[in-house]
Each structure stands twice: as C-alpha cells, then as structure tokens.
Amino acid sequence: MTIRTRVAPSPTGDPHLGTAYIALFNYCFAKQQGGEFVLRIEDTDQVRSTRESEQAIMDSLKWLGLNWDHGPDVGGEFGPYRQSERSELYRKYAHQLVEAGKAFYCFATSEELDQMRDEQVAAGLRPKYDGRGLKLSAQEVAENLAAGKPYVIRMNIPEEGTFVFEDYLRGDIEIPWENVDMQVLLKADGFPTYFLANVVDDHHMEISHIFRGEEWINSAPKLLKLYQDFGWTPPVLGHLPLLRNPDKSKLSKRKNPTSINYYKEMGFLPEALLNYLGRMGWSMPDEREKFTLDDMIEHFDIKRVSLGGPIFDIDKLNWLNGLWIRENLTDEQLIQRFLEWKFNADLMAKVIPQAKTRINTLSDLVELAGHFVAGIPTYDPALLSAGKADADVIRQALQIFIWELEALRTWDKNEIFTIAKAVATHHELKIKEFLEPIFVAISGKTSSTSVVDAMEILGSDMSRARLRAALGHLGVSKKQAKAFEKAYQVYQNA
C-alpha cells in the first residue's frame with residue numbers, strides 16, 4: 001500500500017500558519033516512508049471561496065518548500081483536485097446513502113430549525129437536530145420531492161450508545177452518540193458539506209493516513225461512520241495538538257499574526273519558519289533546535305509528537321530566524337534574499353510613482369517610503385488619537401474597519417477607500433478625520449505617500465497586521481470589545 005497523506009485547505013482567506021503546520025506533519029509522514037502528498041482545495045463554500053485565496057495558499061506552501069505530488073496545478077491520477085469540480089460525485093453518493101437507509105431527506109426550513117433550537121434552549125436542552133425528517137413517511141417524502149420542496153440530506157445517527165475509535169496518536173477515544181448531531185451531508189444548493197466531500201475524496205484519492213487538528217476530534221464519529229455506511233476501509237486517523245499563543249489560548253489573529261504571508265513580508269526565511277513549525281510539538285532525536293526539512297524527514301516519527309498545545313512564540317521564531325541568517329547564508333546569498341524580498345524592480349515600480357513628486361534627493365526616499373520595506377512601524381501611540389475625533393469613536397471605527405477588511409474578497413485601493421468612507425460616515429466622522437489614525441498605523445508617520453495606495457501595495461496581511469497593532473496601542477477593554485461586536489452587528493444591518 002502506498003502511504004498517501006493530504007492537506008485540504010479552504011480558499012476563504014489568508015493562508016494560515018495552521019494550514020502549513022498540518023501540511024508539514026502530513027508531508028513529513030508520507031515522505032519519510034517514501035509516500036505521496038496531495039493538495040486538495042475544499043472550495044464548496046461558493047460564497048466565501050476565491051481563486052485569489054487558492055493561489056495565495058499554493059504560493060505560500062511552495063514558498064515554504066512543501067511541494068505536492070498531486071494537486072490542482074500539477075494534476076494527478078485522482079483529479080480533479082478542487083471539490084467544486086466534483087459535485088456530481090458527491091450528489092451520487094449522498095443519494096446512495098438515502099437509498100441504503102443511512103441518510104434521509106430533511107425538508108425543514110431554516111425558520112423551523114431556528115424555532116426548534118430556541119425551544120430546546122428554553123427547555124434547558126443542548127441545541128440539536130431532533131430527527132424530524134426521519135418521522136416522515138415514504139409517501140410524504142415522495143410528495144415533497146414531487147412538489148419540488150427544497151431539502152437537505154442528513155446522516156442517520158444513532159441516538160444511544162457510544163462510538164469508539166483508535167486515534168493514531170491518542171489511543172482509544174469514546175464519544176457518546178447523543179453528543180453527535182445528524183450532520184447535513186448535501187446542502188439545499190446541491191453542494192456537499194465538509195464531511196461527505198472529505199470522505200468521498202479521501203476514499204477515491206486513496207488517502208491512507210489523515211493527521212488533522214485536535215479541534216476535529218468530536219467530528220470523528222461522523223467521519224468514520226460514513227466509511228462504515230459506504231462499506232469502505234477508513235484511513236488511519238490522528239489528531240495533532242493545536243498551536244497556542246503564549247497565554248495558552250488557541251492561536252488567533254487577534255493575538256498573533258496567523259497569515260503565512262505576514263511572515264514572508266516581515267522578512268522571515270522560509271527555512272526558518274518551516275523549522276520553527278517543525279518544533280511545534282515535535283523535536284529531533286538529538287534535541288537540536290535548528291534543522292532542515294530534509295533532516296526532519298529523515299528522523300521523523302509522528303508518534304513522538306507531544307500532545308500538549310505547542311506555544312507559537314514570535315520572539316523564539318525571531319531568534320531562530322537570526323540563526324539561519326547568520327549561519328546559513330553567505331553575504332552574497334543574503335544580498336540575493338534582500339533582492340527577492342523587497343529590494344526588487346517589481347516593488348520599486350509600485351513605490352516610485354507614489355514618491356517621485358515628493359523627493360528632491362534619492363536619500364529622501366528612505367524617510368518618505370521606508371514603511372514599504374519595514375515591519376510593524378514604531379511611533380508614539382498618542383499620534384493615533386491626536387486628531388479632533390473622540391478616541392473611543394476612533395477605537396470602534398478602527399475595529400469595524402479591520403473586520404470589514406478581513407471580509408474583503410479583492411484587495412484593491414478603491415474597495416479599501418469605499419469601506420473607509422462607509423465606516424467614517426457611519427460614525428459621523430469626516431473621511432480625513434478617520435484616515436489620520438490609519439495613516440499613522442500604516443506608515444508610522446503623520447505625512448507620507450497616499451495611505452490607501454500604500455495599503456494596496458503592502459497587501460492585506462501586512463496592512464491588517466499594522467491596523468491591529470494600532471488598535472492594541474489604543475487599548476481595548478473586554479467591555480469595549482463586546483460593545484464593538486454589538487456595534488458591528490448594527491453597522492452590518494444599517
């Protein structure tokens with residue numbers, strides 16, 4: 001049997017460190033045993049998935065050196081490798097489960113399901129689908145289908161007993177069936193959910209081992225039961241520990257930058273970042289901290305993964321990155337890295353038109369446009385609230401601006417300005433008043449090149465990281481954070 005692992009990201013946002021972490025461990029497991037590594041794109045969320053996000057994910061994984069044997073760009077015998085291109089296959093298998101009595105039609109509307117959950121909560125019960133679709137007679141189902149009534153297809157889950165499975169890393173795990181919902185397999189729009197698509201794809205792509213984050217443990221019964229329902233041999237399943245912030249909370253962009261592109265734009269070496277991710281819950285037999293991808297593959301044993309949540313510490317990553325720069329790069333190689341990173345014609349072609357009308361000597365460029373090649377700028381936090389606008393209003397407006405940018409599908413200066421204008425208007429601010437703190441957050445100064453143009457050139461990851469840093473400088477209490485969430489709901493409904 002060929003050892004074959006996969007990583008299957010959803011192209012709905014920035015390429016996440018967690019994706020690289022999971023990809024690295026699956027990659028090393030397969031390669032250590034002469035196996036193959038697959039990249040599959042889970043783009044069944046038609047509202048949020050974008051080709052731009054898909055390309056960013058592929059570019060970031062390639063930048064790290066994690067190349068796949070099968071995937072949407074390289075092809076392979078198990079394609080296509082985008083789930084949106086395999087829809088007919090999922091529909092076929094969903095209806096096959098219905099015919100076998102392993103799944104059923106549910107015609108309940110979203111309003112009916114909301115009422116069901118409200119009644120359960122009011123009765124002190126855990127919200128859970130109540131199995132109403134199973135109570136329909138064959139004649140009622142046939143009449144609803146003939147009438148063209150919208151439906152979803154759900155798994156038929158036992159109401160009693162316990163599901164036991166062997167986790168490759170954790171041993172036997174027991175989960176009561178009463179804690180498992182009757183999962184939707186096929187949505188009303190005809191697209192599959194994660195569970196059906198993954199099982200069908202992993203089976204057809206002959207995936208032998210799946211290593212994923214521990215947050216998916218409770219979904220294992222649904223996943224493995226589907227294999228039983230189809231009569232297929234399941235892959236080996238193991239759950240890796242989640243990456244944690246220094247305070248032990250789950251790694252999140254609110255406390256740590258989580259986009260791979262952020263670390264690329266900050267000037268971290270891909271070898272160092274991959275090395276650091278390799279140390280997340282795993283170590284070399286000789287305990288050395290600095291090692292290459294080839295070193296990791298040679299000595300890799302996934303059974304040696306520590307199940308405690310590994311801490312992602314940027315200070316430690318900085319130290320390791322410095323070692324790689326000093327110990328692995330000659331002066332000539334370092335020069336080349338600088339050229340590849342920022343000091344290249346492509347970036348200068350974007351920056352020079354912004355700076356040319358403002359400089360008298362070439363050296364003026366450093367002061368005027370240094371923020372294009374810097375990390376998070378340093379500045380007096382007082383500059384963020386030095387304008388006429390109330391500081392609390394700026395805090396809230398800045399937070400809503402960040403949330404709106406996180407949902408932006410196309411990073412374009414006109415889109416960015418449109419959002420800024422809308423947020424400013426909602427908070428009864430003049431656009432100039434609102435752009436003042438944004439200017440400081442992005443450039444670290446009160447005057448420079450156009451801030452909206454700068455954000456487009458810097459890109460989404462670095463721009464949002466700088467805005468989050470500015471919000472951190474202003475300070476947001478827990479009470480304010482909750483108030484901002486409510487204010488954002490009002491803003492979205494306005």
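Below, all heavy atoms of this structure are taken into account, side chains as well, without hydrogens, waters or symmetry copies. One-based numbering along the sequence shown.
Screening S10, S84, S49 for a side-chain hydrogen bond (donor to acceptor under 3.5 Å, both in side chains) involving D43 leaves a single residue, S84.
In this structure, the side chains of H371 and S448 come closer than 4.5 Å at one or more pairs of heavy atoms. Using a 4.5 Å heavy-atom threshold, the side chains of V7 and R40 count as separate. Within the 4.5 Å cutoff, no side-chain heavy atoms of E159 are placed close to those of W177. The side-chain heavy atoms of T109 and D114, taken from C-beta on, include no pair separated by under 4.5 Å. Side chains of E287 and S283 form a contact here, defined as non-hydrogen atoms less than 4.5 Å apart. Considering only heavy atoms from C-beta on, S259 comes within 4.5 Å of P15 through its side chain. Between Q120 and Q115 there is no side-chain heavy-atom pair separated by less than 4.5 Å. By the 4.5 Å heavy-atom criterion applied to side chains, L237 and F211 are not counted as neighbours.
In this structure, the separation between CZ on R358 and CG on L368 is 6.5 Å, given to the nearest 0.5 Å. A distance of 4.5 Å separates CG of D461 from CG of N261, quoted to the nearest 0.5 Å. Here the CZ-CD distance, from R409 to E415, works out to 11.0 Å after rounding to the nearest 0.5 Å. If you take NZ on K128 and CG on N179, they are separated by 7.0 Å, rounding to the nearest 0.5 Å. One distance of note links CZ of F163 with NZ of K225; it measures 9.0 Å at 0.5 Å rounding. Rounding to the nearest 0.5 Å places CG of L39 at 7.0 Å from CZ of F37.
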Any chance you could lay out the side chain to side chain contact (heavy atoms under 4.5 Å, CB included) test for L186 and T193, step after step, and finish with the verdict?
CA-CA 6 Å; L186 197 70; T193 59; over 6 Å; no

In sequence, state the C-alpha distance, the side-chain angles, and the governing distance for T5 and I210, and then conclude on side chain to side chain contact (heavy atoms under 4.5 Å, CB included). CA-CA 6 Å; T5 63; I210 298 173; over 6 Å; no

field: side chain to side chain contact (heavy atoms under 4.5 Å, CB included) between K290 and L320, intermediate numbers included
entry: CA-CA 7 Å; K290 182 166 160 283; L320 186 61; 4.2 Å; yes

Give the intermediate values and the outcome of ring-ring contact (aromatic ring centres under 6.0 Å, His included) for residues F191 and Y90. CA-CA 8 Å; F191 279 89; Y90 309 131; 8.8 Å; no

Given the rule in the side chain to side chain contact (heavy atoms under 4.5 Å, CB included) test, do F484 and I400 qualify, once you have shown the distances and angles that lead to the verdict? CA-CA 8 Å; F484 292 169; I400 290 177; 5.8 Å; no

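N321 contributes no side-chain N or O that, together with a main-chain N or O of L317, makes up a donor-acceptor pair within less than 3.5 Å. Although no hydrogens or angles enter the test, the distance criterion places a donor-acceptor pair under 3.5 Å between the side chain of N493 and the main chain of Q489. T425 places a side-chain N or O within 3.5 Å of a backbone atom of K421 that can act as its donor or acceptor partner. In this structure, the side chain of R466 engages the main chain of G375 through a donor-acceptor pair within 3.5 Å. Judged by distance alone, with hydrogens and angles left aside, the side-chain atoms of D313 form a donor-acceptor pair with the main-chain N or O of D315 at under 3.5 Å. Looking at N275, its side chain does come within 3.5 Å of a backbone N or O of F291 through a donor-acceptor pair. D14 contributes no side-chain N or O that, together with a main-chain N or O of H16, makes up a donor-acceptor pair within less than 3.5 Å.
Minimum interatomic distance between A441 and L384 (heavy atoms only, all atoms of both residues): N-CD2, 4.1 Å. Between L17 and Y263, the shortest heavy-atom contact is CD1-CE1, 3.5 Å. Across all non-hydrogen atoms, the minimal contact from F25 to G278 is CZ-O, 4.0 Å.
Judged purely by distance below 3.5 Å, without hydrogens or angles, the side chains of H239 and R212 pair a donor atom with an acceptor atom.
F312 and Y276 have perpendicular rings, their planes meeting at more than 60° on a 0 to 90° scale where under 30° would count as parallel. Aromatic ring pairs are classed by plane angle as parallel below 30°, tilted from 30° to 60° and perpendicular above 60°; the pair F343 and F338 is tilted.
The aromatic ring centroids of W282 and Y21 lie 6.0 Å or more from each other. Note: H473 and Y379 meet the aromatic proximity criterion, with ring centroids under 6.0 Å apart.
For the pair E42 and R86, the salt-bridge criterion is not met [side-chain N within less than 4.0 Å of a carboxylate O]. Under the 4.0 Å criterion applied to side-chain N and carboxylate O atoms, K350 and E456 are not assigned as salt-bridge partners. A salt bridge links E54 with R82; the closest basic N to acidic carboxylate O contact falls under 4.0 Å. Checked for salt-bridge contact, R279 and E289 meet the test: a charged N lies under 4.0 Å from a carboxylate O. For K62 and D59, the salt-bridge test fails: no basic side-chain N is under 4.0 Å from an acidic carboxylate O. Using a cutoff of 4.0 Å between basic side-chain nitrogens and carboxylate oxygens, K342 and E265 are scored as salt-bridged.
In this structure, R154 satisfies the cation-pi test against Y129, with its NZ or CZ atom closer than 6.0 Å to the six-membered ring centre and inside 45 degrees of the ring normal.
The neighbour count for E327 CD, taken as heavy atoms of other residues, nucleotides or ligands under 6.0 Å away, is above 12.
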